Amino acid sequence: MRAFAYTRPTSIAEAVALLDRHGPEARLLAGGTDLIIRLRDGSLVPEVVIDLKRIAELQPGIREIDRRLVISATTVMTDIAADPRVAMHFRALAEAAAVVGSVQIRNRATLGGNVCNASPAADTAPALLVHEAIAVTAGPAGSRRIPIDELFVRSGVTTLGRGELVTAIELPIPAGRVGSVHLRRTRRRGHDLASVTLACAIDTAGVTRLAYGSVGPRPVVAVDATGLLADRTATPEAKAELLERMFADASPSPRSMRASPEYRLAMLRVLGLRGLDIAIERLAAAEGGR
Amino acid sequence: MSVVSLAGRVGDSPRRVGGPDRVTGLQRYVADLHLPDELHAKLVTLPVARARIVAIDVSAAERVPGVRVVVTAADLPQPMPRFGPQFRDRPVIAIGETKYHGDPVAAVAADTKDAAEAAAALVRVDYEELPAVVSLEAALDPAAPLVQDPALRPNDRLAATNVLREHRVGWGDVDAAVADLVVEHRYTFPIVTHFAIEPHAFMAAPDGDGIAIWSSIQHPNWLQKVLADLLGLPLSKVRVHAPDPGGGFGGKQHTKYEPLVAFMALRTGRPVRLVLSLEETFQAVRRAGAGVNVRTGFRADGTLVFQDIAADYLIGAYADIADRVVGKGSYPGCGPYRVPAGRILARSVLSHTVPSTAFRGFGNPQVNWAVESNLDAGARALGIDRLEIRLRNLARKGEAFIPFDTPCDGHWDQSVRRAAELIDWGSPLPAGHGRGIAVGIKSGPTTGLSYATVRLLVDGSVIVFAGTSDMGQGARTVFAQIAAQELGAPLEAVTVVMGDTAIVPYDQQTSASRSTVLMGNAVLAACREIQAKLRGMAARLHAVDEAAISVDRGVVRLPDRELTVLEVLVPGLGRLGGELIGNGEMRKDAEPDHPLGGSAAFFEFNCTAVEASVDEATGDVTITRYVTVSDVGKAINPLQVRMQDEGAAIQGLGHSLMEHYIFDDGGRIRNLGAIDYRIPTSLDLPLEIISEHVENEDGPGPYGSKGMSEGALLCVASAVGAAVRDATGVAIRDLPLTPERVWRALQERP
Amino acid sequence: MNGMIPIQVIVNGRARTIEVAAHHTLLEVLRDDLQLTGTKECCLVGECGACTVRLDGRIVDSCLVLAVEADGGEVTTVEGLAPDGGLTRLQGSFLDEGGVQCGFCIPGQVMAADDLLRRVPSPSVAEIQDGLAGNLCRCGCYGQITAAVLAAAKADQR
C-alpha cells in the first residue's frame, strides 16, 4: 500500500475544511471495507486519508427525531440490521444491511460509506430508495438535504460537491403500514457482491416503490401509484407489462464477469415478482396485526 | 504391570497431534518465521499474459532506500537455469517472453516490505504484448503461436505443436466392438485453483557453504534435489525446512519460487523471504481444465461394451507435473467397471496460462465427470436404473478390470449399495428434486520410497522421524497412532518429527494419498525392528528362546508371563540408558513396461450420491442431501477419514457449482483473488452431509488400510450433475453448474 | 507526512504504546511489529476471515483496518483467548470435534466462533453457519466446526 498522510479531524467543520483543501487528493475513511481494498490494489492513491470516526458529531447511532429515523453516516451495518426501529419501519433496509459481507465486514462497513461509494451493487441503495431516504450533508456552503435518488450518479460518483460529505441518512417514518423487502442475486449463498439487488415497498394506499441495482450504472427507483402491483389478486401476467416499464432503466453491462445482461434482466423480473409477493404479504400481516 | 492407555491407538480418533498449536495460533507456518537480517522480496509481473520483453529498467527501483537487489533474467547464470519435475522447461525468471499472466520478469529484495513493494512498482518494463492462446481450441489451431520453443524438446515429433504429449492406453478392440447403443458427448471441466488458505511462502538463507530453504512444500526431498542441481551443491549442503503447509491439495508439491529466492539470497548474502499474495498463488498453481469426448457402447441390458475416450487437458505454459496429471488422471478413465474394450487418448495441451499442477484427484475428476455422466445418458436411453447399471458393470474383487494393472482390490459394491441406501435411492421425490449417484476411482501411487526412523527412548516415549508433510490430512496423528499401538506408548508420549531434510530420512513425496500406506508401512517396519530388539532383550534378560517371545500392542509376551515394553526396555538398556532405534523402509519399485511406470499400490474408490432441488426461475441448485462413502480398508483414525472425505466433497462442490477462472481475450485472469473467485462458505453446504466408509482391512497399508483423501472428490461433479439432470430433465455438460448456466440450460429446454 | 504515528492500544490485555505507519493495517502491525503471528494473512480483501481479531468488542478483518484506527482501542487476538497457555472450552471443542485440519484458517474461525458465542450463547446451526460465513476453510471442516461450536455452547450451558 502506498503511503499517505492520515488525519483525524474532531469536528465536521474541520473535516469539511480538510476535504475542501485536498479535493480529489483526499479520501474519507469511515469503515474502510472498500477504501482499504482500493488503497492496497492501487486503484486509489490519495495523499490524505481523513478518518471520520473521531468526530463527536458523527458518532454512530440511530435516533428518532420528528417522525424521522436519523442514522449517523458512521453507523455500521451490524447496528442497522439489529435496530428494532429499522426492522419495524424499514425492513428492506434491515435486510439489506444484514447481507452486506460477513459479520466482520458488517461490524465495520458504514451506511455512509455504502452510500457514498455509489456502487451500483451497493446493497443498501435500493432499500434507501424505496424508503425515500434523504442524505444530510455538510459542506463549505453549509448543510444540504439531498433525496437519495438525487445523490447517485454512477459508480464512485455522487452529486456531492467539493468538500461535501454525508453526515447522516434520514428515513421518514411512514404514517401508515408498509410492507417491504430486500432481495438479491449472488453467485453463491455465502456473502457475495450482488449481481442484482431489488427492494420493494408497498403502502396501505397501494403505492408500490421498486428499486433495483447492479443492473446499470446506478440504482434506480420506480413508483407504481395505480395499485396494480400491490393488488394481491392480480396475476403475475397482469403485472408483467407494468413491471417491464418500471424496469426500463435497467441496462446491465455486457462486460461484467459476474453475470450476463440477459441473466441479470431475467433475474430482475424474478426478484420483482417475488418481491411484490413478499411485500404484499408483509403489508397484510402488518395490517392484520394491528 | 502398568496400565497401558489404549486411547489414541489404531481405530481411535484422538485429538490431532499438533492440534493445540493450531487452535491457539502458536503453529508456525513459513510466513510466521523470521530470520535475522532478512530481506523481503516482491515479484514484478506484467498486466498481460504473453509479451515480448524489450527492456527492463531497474534504476529507479534500485534507488529506493533499503533495496538490496533487483533481479532480472540478465542477473542469473547463463544459460538461464531451468527446472521442472518432468521437463526442465521453466526458467527461474521469465527470459525474453512472458508466457502467462503472472509470469515474473523481475524480483526485488529490500530491507522492508514497503521498500520492496515500492521498488517493484518502479521497475520499468518495456514490452510488446503478443497474442496468447488460452483455450483448447486456440491452442490446437494449427496456426496458433507455439507456447514453447521447440528447441526445448529436441527429437520430439510434437515439438512444433502445442501438444506437449499424447498418452494412449487401451485394451480390446473398440472399433470391432458391437454395441446395441452408442452414446457420445463432449464434456468440459473448468480451470480452478487450489486456494489453500495459506498462500505459498518461501525463504532462503546462506547456510555455511550451502543453503537453507524454508518452503510450504509437500515434497521437501524433491525440492532439495532441484536446488542442489540448480546451484551445483551436494544434497547435504541444501537443507530444506518444510513447516506444515497450511493446506496443500497438490498445489504445494513442486518447486515454484524457491530457486529465485535462493539466487537472491546467495547474491545478497542475506536471508530472503517471499510470501505470495492470494492473487499471486492464483498465478502460481491451478488445476488443468479439460474437454473430454466420450463414446460409450452398451448392450441393451446395460452391459458396457466399450469406452472410447479422448481427453484434452489445458495445461499451462510450463509443464510442471501437469503432463503426469494428464497421463495418470486419464488412465483409469473407463472407471471401476468391466469394460471389454477401452481406448483412452489424452493430450497435454500447452497454453499461455498459469502452469497447471497436481490438484486433489490428479486429473481424474475431469474424465470422471465425462464418463460417469455419459453412463447416465446411456442408462436413460436404455431405460435402466442408474444405480443398477453401475452395479451390473462394477468390477468384483480380484478382477483385472484394467488388464495390465492391479486387480480390483475392494468390495466396491458395498460402498455403492451403502450410498444408495443412505440417499434413499428409488424412493419418490417431490417435483423439482432429483438424485444422482456416481462412482470414482483413482490409481494410487505407482512408485514410492519412504524411510522412517523410530526411536524408543528409555522412559518409553517415542520419536518418529517421517518425511511426510502434514498439510492437514493428519499424517502426524496417524504415524503417532501406529507407533503408540506398536510400542505401547501413550499417544501424548509420541513425537513426530517432519519437515527438515537435514534430520528426517528421505521420503519421495506427499501425494497420491500415499502416506498412510507407504510412510505408514515404513513407520510400522521401524517399530517392528524395535520390537525385534525388545524380543532379543527379553530373551537375554529372561533366558528364553527369542522365537518364543512376541510383542504386541506394547505387551511383551514370554511363554510364562507378559511384560510391558518398559519392563523389558529399562533393564535391557542397563545402567547407561540410551534408546532403541528402528529403521523402516517401504519401497514400491518402478515397472518399466507399465504404461504408468508402475501398477497401482491400491485404488481409491468412492461412491457419492446426491439429492438436489433446482429453482427453475433462477437456476439455483440446492443440495438437500449429500452422501459420500469411501472404501478405505481400515480407518486408522475414523474422524480424520470423515474430515478428509467431507473436505474433499466440499472442495468438489466448488468446481461443480461455482469455481472457474475467467480470462479476457489477452489471457489475463479477470477474477484474480477472493472477491470474484468464489469458493464454498459455511452457507454453501448441502443441507445434510453423510459420510461413511467401508472397512474390510483389505488394503496394503498398516492394519489393512488403503490410501484415502482424494477419493471423495473424484465424482462429486458427476453426482451433482446427475441430480440436476434428474430434477430438471436437462443434461448440462459444462461445469461449473452456476445458477446462470443452469438457468440458460432450462431456457433452452425443448 | 509519512512519519510514524504513535498509538496506544491494549493488545491481549496488555497496554502498549507503539509507532505505526499510517498505511499499515492492523494485521501487519500485529504480525510484523508485535510478532503476534497467530493472526493469519490470506486474501487481504475481507473475504477469508483468516485475519479475524476482536477490536473493541467486535470482530473485524484486521486486513481492512488501519492500525492507526485502533488507537485507544482494545484488540484481542487468538493468542489472547486462553488466559494461561491452555485452551478455552471452544478451542478444546475444535480439537474434539475434528474442526481442525491444516489449521491455517483456524485462528480466524476460533475468533469468529468465540464472538458468536458471546453474542448468542446457544446458537442454532443456521446461526453458526451465518456467524462463521466470513471465515473460509478450504479443508472443508465446516461441519466439524459447527459441531465444535454447538458442543462448546452446550458445555457452557451446563
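Quantities reported herein were computed from a predicted structural model and do not represent experimental measurements. First the proteins, then the strands, lettered A, B, ... as listed; each starts at 1.
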Checking Met643(B) against chain C: side chain, backbone, both or neither under 4.5 Å from a heavy atom? both

So which residue, Gly131(C), Gly46(C), Cys137(C), Gly92(C), ends up with the most heavy-atom pairs under 4.5 Å with chain B? Gly92(C)

With rounding to the nearest 0.5 angstrom, report the CG to NE2 distance, Asp114(B) to His24(C). 3.5 Å

Which bit of Gln644(B) is near chain C, if near means a heavy-atom gap under 4.5 Å: side chain, backbone, both or neither? both

So which atom in Ala133(C) and which in Leu683(B) form the shortest heavy-atom distance, rounded to 0.1 Å? CB-CD1, 3.6 Å

Most chain B-contacting option - heavy-atom pairs closer than 4.5 Å, from Glu97(C), Lys40(C), Gln129(C), Gln35(C): Gln129(C)

Distance col, row Glu646(B):CD vs Cys139(C):SG, nearest 0.5 angstrom, shows 13.0 Å

Arg31(C) side-chain N/O to Ala31(B) backbone N/O, donor-acceptor pair under 3.5 Å: yes

Check for a donor-acceptor pair, side chain of Gln27(B) on one end and backbone N or O of Gly103(C) on the other, with a separation under 3.5 Å. no

Highest number of heavy-atom pairs under 4.5 Å with chain B among Ala126(C), Gly38(C), Gly140(C), Gly99(C) belongs to Gly140(C)

Is chain B contacted by the side chain of Val100(C), its backbone, both, or neither, given a heavy-atom distance below 4.5 Å? both

Whatever's closer than 4.5 Å to a heavy atom in chain C on Pro14(B) counts as neither

Report yes if the side chains of Arg678(B) and Glu47(C) come closer than 4.5 Å at any heavy-atom pair, otherwise no. yes

Which region of Leu136(C), side chain (C-beta onward) or backbone (N, CA, C, O), has a non-hydrogen atom less than 4.5 Å from a non-hydrogen atom of chain B, or is it both or neither? both

Please report the shortest heavy-atom distance between Phe104(C) and Tyr29(B), naming the atom on each side. N-OH, 3.3 Å

Greatest number of heavy atom pairs closer than 4.5 Å to chain C - which of Pro680(B), Gly474(B), Ser277(B): Pro680(B)

Answer yes or no: is there a donor N or O on one side and an acceptor on the other, between the side chain of Tyr142(C) and the main chain of Ile650(B), under 3.5 Å? no

At their closest point, which heavy atom of Pro199(B) faces which heavy atom of Cys42(C), and how far apart are they? CG-CA, 4.0 Å

Side chain, backbone, both or neither: which part of Gln144(C) has an atom under 4.5 Å from a heavy atom of chain B? side chain

Can you measure from CG (Leu81(C)) to OG1 (Thr24(B)) and round to the nearest 0.5 angstrom? 9.5 Å

Ile106(C) and Arg22(B) have their tightest heavy-atom pair at CG2-O, 3.3 Å

Among Val110(C), Asp96(C), Thr88(C), Ile145(C), which residue has the highest count of heavy-atom pairs closer than 4.5 Å to chain B? Asp96(C)

Sub-3.5 Å donor-acceptor pair from the side chain of Arg138(C) to the main-chain atoms of Gly247(B), do we have one? no

Closest approach of Gly25(B) and Pro107(C), non-hydrogen atoms and distance? CA-CG, 4.3 Å

Is there a side-chain contact between Lys113(B) and Asp32(C), using heavy atoms and a 4.5 Å cut-off? yes

In terms of heavy-atom proximity below 4.5 Å to chain C, should Asp244(B) be classed as side chain, backbone, both, or neither? neither

Give the C-alpha distance, both sets of side-chain angles, the deciding distance and a yes or no for side-chain contact (heavy atoms from CB on, under 4.5 Å) between Gln109(C) and Val23(B). CA-CA 9 Å; Gln109(C) 302 274 4; Val23(B) 294; over 6 Å; no

Chain B contact via Ala82(C) - which portion, at a heavy-atom distance below 4.5 Å: neither

Under a 4.5 Å heavy-atom cut-off, does chain B meet the side chain of Glu28(C), its backbone, both or neither? side chain

Which portion of Ile689(B) sits near chain C, non-hydrogen atoms under 4.5 angstrom: neither

What heavy-atom pair brings Cys43(C) and Leu278(B) nearest, and what distance separates the two atoms? CB-CD2, 3.8 Å

Quick check for you: to the nearest 0.5 Å, what is the distance between Gln101(C) atom CD and Met471(B) atom CE? 10.5 Å

To the nearest 0.5 Å, what is the distance between CZ (Arg16(B)) and CG (Leu95(C))? 9.0 Å

